[in-house]
Each structure stands twice: as C-alpha cells, then as structure tokens.
Amino acid sequence: MEMDYKKVVASLISEKTEFDIDKIEGMLEVPSNTEMGDYALPCFKLASIYKKSPVMIAKELAEKIQPNDEISSVTPVNGYLNFMVNKVSFATTILDEISEKGDLFGDDSVGEGKTVIIESSSPNIAKPFHIGHLCSTVIGQSLSRLYQSVGYKTVKVNHLGDWGTQFGKLISAYKHWGDDEAIEKEPIKELLRIYVKFHEEAEKDPELDEEARRYFKNLEGGSPEETKLWQWFKDLSLKEFALLYNRLGVSFDSYHGESFYSDKMPEVVDLLEERSLLKESEHAYIVDLDEYNMPPCMIVKSDGASIYATRDIAAAIYRKKEYDFYKNIYVVGIPQALHFQQFFKVLELMGNEWSKDCVHVGFAHVRFPDKKLSTRTGNVIYLEDVLDESVNRIKEYMQNTKLEEDMIDPTAEKIGIGAVIFAFLKRSREKEMVFTWEDTLNVEVESGPYIHYTYARGVNILRKAEGLADHPDYSLLTEKVETAMINKMSTLNDVIKEAVNRNEPMVIARYVIELSKLFNSFYNSCKVINEEQPLKTARVALIQACCTVIKKCLYLLGIETVDAM
RNA sequence: GUGCCCAUGGCUCAACUGGAUAGAGCACUCGGCUACGGACCGAGGGAUUGGGGGUUCAAGUCCUCUUGGGCACGCCA
C-alpha cells in the first residue's frame, strides 16, 4: 500500500487548525538536520495570524496533536513543529513501493497529455563538434528524460546549423582549395581547414567575401550546383555526428535545422508586415524593440538574405502548429540570451500568446585555462578527443578488473563516457565552467565512476546473496545509515520534480552522489552475505532498492550503468 | 555607454518558493578490511558567504550603493 507521509502530517495539523491540507502541505519542510525530525512546520508565518509567538504556537499545536501509527512523535523546537515518522512503517512503505514499481519509482503524471519540445545540441554543419555542443547535448538529453519521467511527451529537436552565409564561404573555399579525397577521408577536419583558409585569404582579398555572399544567394535561390555541394557537406557531417551521438547514447526525434525553414521565411515577413512591425533601416528590415529596452531584431539583411532570428521565428510557429507544445525549450548558451529575449518578444508582438511558453534554458560557456579557442582559427578541443582520453584513463584504472577480456573495452567505454557526462551535469548549468582534464576525468567521490562503482558493488552483493527469506522484515533495518538511505530514497519524486521545475539536471546528480555516499558508508559498516537470517534478507532488499534508484538517476542523466567493472 | 550574469574554507562546487548549527569533494593531519571489490570508509583542523547600508521574527538568498570578474549589444549563429 502506498502512503504519503507528508499528507498524513498535513492532515494531522489541518484537523487542529482552520487551514486545509493542501495549504499546510505547502508549508511543510524537511529539516536540514534529520535528527530534528522527518517533517517540520515552521510556525513563523502563523504568528501574525494567531497574534502569538511562533514558539507558543508550536507548543500548543504539539499538545493538541496525537501521534498515531504513522507518526511517532510531535515536538516543538524554537518555533518549529517537528514530526518524526514511524520508522518501521515508513521503511516498509518505501521499500515495498520501490520493489513494486522498479524503474518507474519516482515517476509522476503531472505532465500527462502535454508535449514539451526540447531543442538541443544543434551543431553547425562542417564545423567540429566541440565541448560547447556537449553541454547542450547532455543537458537536452537529461531534460528530455526528466520531463518524460513526470509524464510529458517530449520531442527532441536537433536544430542543425545548416544554413547561412557561412555556406557561401564554404562553397567558395571548396572551389578554390577543395580536395575531394581528403574531404571523404576526414570530412569535418578538412572542411574546417579550407574554411579557416578562406578567412585568412579573405583578409587580404575582400572580393572573396563578395563571392561567398553570391554563392549563398544562389543556394537560397535553389541553384542545383550549390545545393548539391551543400547537401554533400551536410551528409558527411551528419555521418560524423552520428558516431558521437551513438557513443553518448543520445538520439533525436527531429533534425529539422535552419535550412528546413528557409522556404517558410517569406510567410514570417508577410505576417510581420501585416502587423506593421517591420521597419526599414540601413537597407535592412528590422523590428524595433526600443520601447522594450532592447536593441532591434533584424529580420531581413540588406542583401535580402535571411538571418537566424527569422529562421527561429519560423521554426517556433511551425512547432506550435505541428506539436501544439506546452513548452518549447531551447538549450542554448547564455551568450545568446538577448537573441532569445528579442525573438520571444517579436513572437508576442505578432499576436502569439504562446510565446510565454518558449523558454531559453541557458548554460554558461565553457572556458579553458590557457588556450583561446575559436572555430575560425581552427583552435578547438574536439569532443571525440575528450571522450577517448576519458575512456583510456578508465582503462588504466581497470588493471585489476575481474571482467572477461572482451568485456573490458565496452565497460571502459560506458564508464569513460559517463564520467564526462557526469562532470558536465554535476554543476549548476548557469555557472561558468573552466574545463580542465583533471576535473572532467576525476574518478573520486563526486564523479561518474564513483557512482558506477557504487552500483557495481551493490549488484555484486545481489548476485552473491542466496537462501533468502520470502518476506523481508524491514523492522530490522535499525542502523542509522540504513534509515538515512531509506529517507533519501523516499524523496526521489520531489527531487525529480525540482529538477524539472528548474530545468536543472544537477539536482539529480547531487542527489545520486549523496545516496551513493550513504550506500558506501552502509557497505563499510554492515555486512550482508555472511549475516544471519532474517537480517540478511532485509539488507538485500535495501540494496536492491538502492540499486534501482541509482540506476534510475543515472538514466535520468543519460548515463548507462554497468553491472561490474 | 546600455543591459544581463557571477563572487561562499587553500582549490572546485552545494544550499528547494528567504528558515534551525552555511554542507560536500579535492588538498592537509590521524585512523580503518581473519565481511560481500580499497576506484572504499571513519575522524579532525580550516568560512564573520567580496565590502558598506537597508527590509524581515529570520538574509548566502530580497533591495540599494560599491569593488572585482565574465558575457551580450542589426547585416555570424
């Protein structure tokens, strides 16, 4: 049977006051110090209502409320009313629930029937997939799983950067210096090389820029020759990206990038004109956002070509029609914050009341201690190299592994990739990150490998445990650390909801670190396999639950578990 | 010049809509498997949350001033 202890506490209070259960439930907190209790009602806000001191209110309520089967004690402390739940009944409820629901434990249905669009990754065609794209990719993947976990349908969109004057430049560069053989061999590296060369040469010869603009105009006009080249570049790039997505365990529901909207732009321009929002300025067309304290939003460039804001507007309108989204999320770096504010505002001015459902989930850009990185100069850190380095380092740690020879590589791959993903998701996404190998590839406590290791230890015991009783007696789980584990696991649903509300996978990462630490502490102080029955059965059940929750958390972060390492 | 963001032990980071003694990891000092994997665990020292003022029963969190850093500001995305 399922039991919501927060509700039980709320109803106890509600019976003795004039507040309804929901109101009380919203006021309840979980004390930071678990010694204090499992739930607490801060009475400070009630002070002005009752015209009494919080201390008095807590004291009087404590006298009125009788403990019952679920709640073992009610104590007033410094204006807080603390509730202690009945540990045995609580443990039984939670562990049975995890055992019944398995992977679905912690899920919710608040999002049922609603669709959330998550735009992420969005690499540029013919440009390297670097660390910055990784942030967007892994955050997007995690958010998608988080939203699904609370009932939403999600649509993962990879808004490819496959349109724009850069392709004119690339075509120009190809015509001057392109080498088909080299491009087929290492597409992105070679395309980047000639793209960089183009920029160098264009410094000396401005005519090249003119030429590039012409090529893009032709491309936009549908000229067969340019289109063929563009398609070729795109196919080659996507093939390379697919390898990375495969390694990361990431997939998308749509690859509609900027080019997909190229024919939907005139409609956007018409709509803007209808509303008299367009204004000519310096031979270009803009939407003036002066009265909203923002710089103008450019819609059509002076050469008549489209620009990204226009494509984003077209994309948003298309998505609303196609999916009728509840939320339209953009996982894009913070430097583009202004762009999103501008184009959301333009959507609103166009009369789309749903513009409020568009959300920019920003992340701080990744900095590097020494090197200046730039695509234009070809100075970048490739994601592939980071992944390889991580996997190799993990392999070194696996010297004493008991795994079969043929399992070593796939296992190191999972742990190594997981280490990188975890390093990016364990910190607050809005805070600037300085990329260092040491931090990203860390295998110590607050790391992906630590969580993997914890899980593998648990699974190992489960594998070895035999001769168990039919029904665990949870009343035997009396160690402090055992209670702490159960308490921690019981909060999973709240943690997931918080992560969703904040669009912040870090919340899950911190949670699973804490749970893993508790498990390791338990592992060190409580024996299991050689323990007498029925305590053994109870502890095995506890480990089973813990492994289920850890696996779930790693899944929500986009990381695959391994059973042994 | 205008706007947005950040500042928490030596280092890297937590702290849910303001709530109880500001928590972790790394590093440092001590200690722990005749039990299941030591990529582990336990203990300890170390912070007047950049600085000043204010609001509040209560401020790392809100307001204001100030210092230092980052980012963005029409024809790249």
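Chain identifiers are assigned alphabetically (A, B, ...) following the order of the sequence lines, protein sequences preceding nucleic acid strands; residue numbering begins at 1 within each chain.
- Contact between the side-chain N/O atoms of A:Arg502 and the OP1/OP2 oxygens of B:A15 is found at a separation under 4.0 Å.
- Here the nucleotide nearest the side chain of A:Arg311, chosen from B:A77, B:G74, B:U21, is B:A77.
- Of the candidates B:A20, B:C36, B:C75, B:C75 carries the atom nearest the A:Ser302 side chain, counting heavy atoms from C-beta on.
- Nearest to the side-chain atoms of A:Tyr523 among the listed nucleotides B:G38, B:G25, B:A39 stands B:G38.
- Contacts between residues 446-465 of chain A and RNA chain B, defined by a heavy-atom separation under 4.0 Å, are made by A:Glu446, A:Pro449, A:Tyr450, A:Tyr453, A:Arg457, A:Asn460, A:Ile461, A:Lys464.
- In this pair, A:Tyr308 and A:His339 present their aromatic rings tilted. The plane angle is within the 30 to 60° band.
- A:Lys169 is listed as a side-chain neighbour of A:His199, based on a closest heavy-atom distance under 4.5 Å.
- Separating the CG atom of A:Asn530 from the P atom of B:A35 is a distance of 8 Å, rounded to the nearest angstrom.
- Residue order along RNA chain B, read from the 5' end via each residue's closest nucleotide, puts A:Val77 first among A:Val77 and A:Lys527.
- Looking at A:Tyr215, its side chain never comes within 3.5 Å of a backbone N or O of A:Leu170 through a donor-acceptor pair.
- When all heavy atoms of A:Cys43 and A:Pro54 are compared, the pair lying nearest together is CB-O, 3.8 Å.
- Between B:U64 and B:U56, the distance separating the two C1' atoms is 16 Å to the nearest Å.
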key: Derivation and outcome, salt bridge (Lys or Arg N to Asp or Glu O under 4.0 Å), residues A:Arg427 and A:Asp439   = CA-CA 12 Å; A:Arg427 55 179 60 245; A:Asp439 198 50; 3.2 Å; yes
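- To the nearest whole angstrom, the two P atoms, one in B:A24 and one in B:G45, are 12 Å apart.
- Both A:Ala40 and A:Ala337 sit near RNA chain B, but only A:Ala337 has its closest nucleotide nearer the 5' end.
- OP1 or OP2 of B:G70 has not a single side-chain nitrogen or oxygen of A:Lys431 nearer than 4.0 Å.
- Of the possible polar contacts, none joining the A:Arg429 side chain to the A:Ala364 backbone as a donor-acceptor pair under 3.5 Å is found.
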key: Nucleotide pairing, RNA chain B (Watson-Crick or G-U, distances under 3.5 Å), in dot-bracket with [ ] and |   = (((((((..((((.....[...)))).(((((.......))))).....(((((..]....))))))))))))....
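- Ring pair A:His360/A:Phe340 is parallel by interplanar angle, where below 30° counts as parallel and above 60° as perpendicular.
- RNA chain B is contacted by A:Pro295, A:Pro296, A:Met298, A:Lys301 of residues 291-301 of chain A, taking any non-hydrogen atom closer than 4.0 Å.
- For B:C11 and B:C28, the C1' atoms lie 12 Å apart once the distance is rounded to whole Å.
- Rounded to whole Å, the separation between the C1' atoms of B:G3 and B:A58 comes to 33 Å.
- When the C1' atom is used for both B:G74 and B:G68, the distance is 32 Å, rounded to whole Å.
- Spacing between atom CD of A:Glu35 and atom C1' of B:G23 amounts to 16 Å, rounded to whole angstrom units.
- Inspection of the A:Asn82 and A:Thr75 side chains reveals no N or O donor paired with an N or O acceptor under 3.5 Å.
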task = Would you please test A:Asp303 and A:Lys217 for salt bridge (Lys or Arg N to Asp or Glu O under 4.0 Å) and show each step?
result = CA-CA 9 Å; A:Asp303 64 2; A:Lys217 270 299 258 185; 5.9 Å; no
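- Under the stacking criterion of a centre-to-centre distance below 5.5 angstrom and an interplanar angle below 30°, A:Phe44 is not stacked against the six-membered ring of B:A58.
- Rounded to a whole angstrom, the distance from the C1' atom of B:G9 to that of B:G23 is 12 Å.
- In this structure, NE2 of A:His283 is placed 14 Å from C1' of B:G74, rounded to the nearest angstrom.
- Closest contact between the side chain of A:Ile286 and the listed nucleotides B:C57, B:C36, B:G74 involves B:G74.
- Note: NE2 (A:His360) to P (B:C4) measures 16 Å, nearest angstrom.
- Against the 90° criterion about 0, the sugar-base torsion of B:G74 places it in the syn range.
- Using a 4.0 Å heavy-atom criterion, one finds that A:Lys517 contacts the sugar-phosphate atoms exclusively.
- Residues A:Pro449 and A:Asn442 come closest through the heavy atom pair CD-O, 3.9 Å.
- The pair A:Glu514-A:Arg510 does not count as a salt bridge, with every side-chain nitrogen at least 4.0 angstrom from each carboxylate oxygen.
- In this structure, of B:C41, B:A72, B:A77, it is B:A72 that holds the atom nearest to the side chain of A:Pro335.
- Atom P of B:A7 sits at a distance of 13 Å from the matching atom of B:U12, rounded to the whole Å.
- Put simply, A:Ser281 has no side-chain N or O that comes within less than 4.0 Å of OP1 or OP2 on B:G74.
- If you check B:C76, B:A14, B:C40 against the side chain of A:Thr165, the one that comes closest is B:C76.
- The closest donor-acceptor contact from the side chain of A:Ser122 to the backbone of A:Leu160 lies at 3.5 Å or more, if one exists at all.
- Minimum atom distance to the side chain of A:Tyr397 is reached by B:A39, of the listed B:A39, B:U12, B:A20.
- As rounded to whole Å, 7 Å separates atom C1' of B:A24 from atom CZ of A:Arg510.
- Using atom C1' as the reference point in both B:U49 and B:A15, the two lie 11 Å apart (nearest Å).
- Contact annotation: A:Lys45 does not reach the phosphate of B:A58 (side-chain N/O to OP1 or OP2, under 4.0 Å).
- For the pair A:Ser521 and B:C40, the criterion of a side-chain N or O lying under 4.0 Å from OP1 or OP2 is not met.
- When rounded to the nearest whole Å, the span between CD of A:Glu444 and C1' of B:A27 equals 10 Å.
- When all heavy atoms of A:Phe44 and A:Asn78 are compared, the pair lying nearest together is CZ-O, 3.8 Å.
- For the 3.5 Å distance criterion, the side chains of A:Asn460 and A:Arg463 qualify, holding a donor opposite an acceptor.
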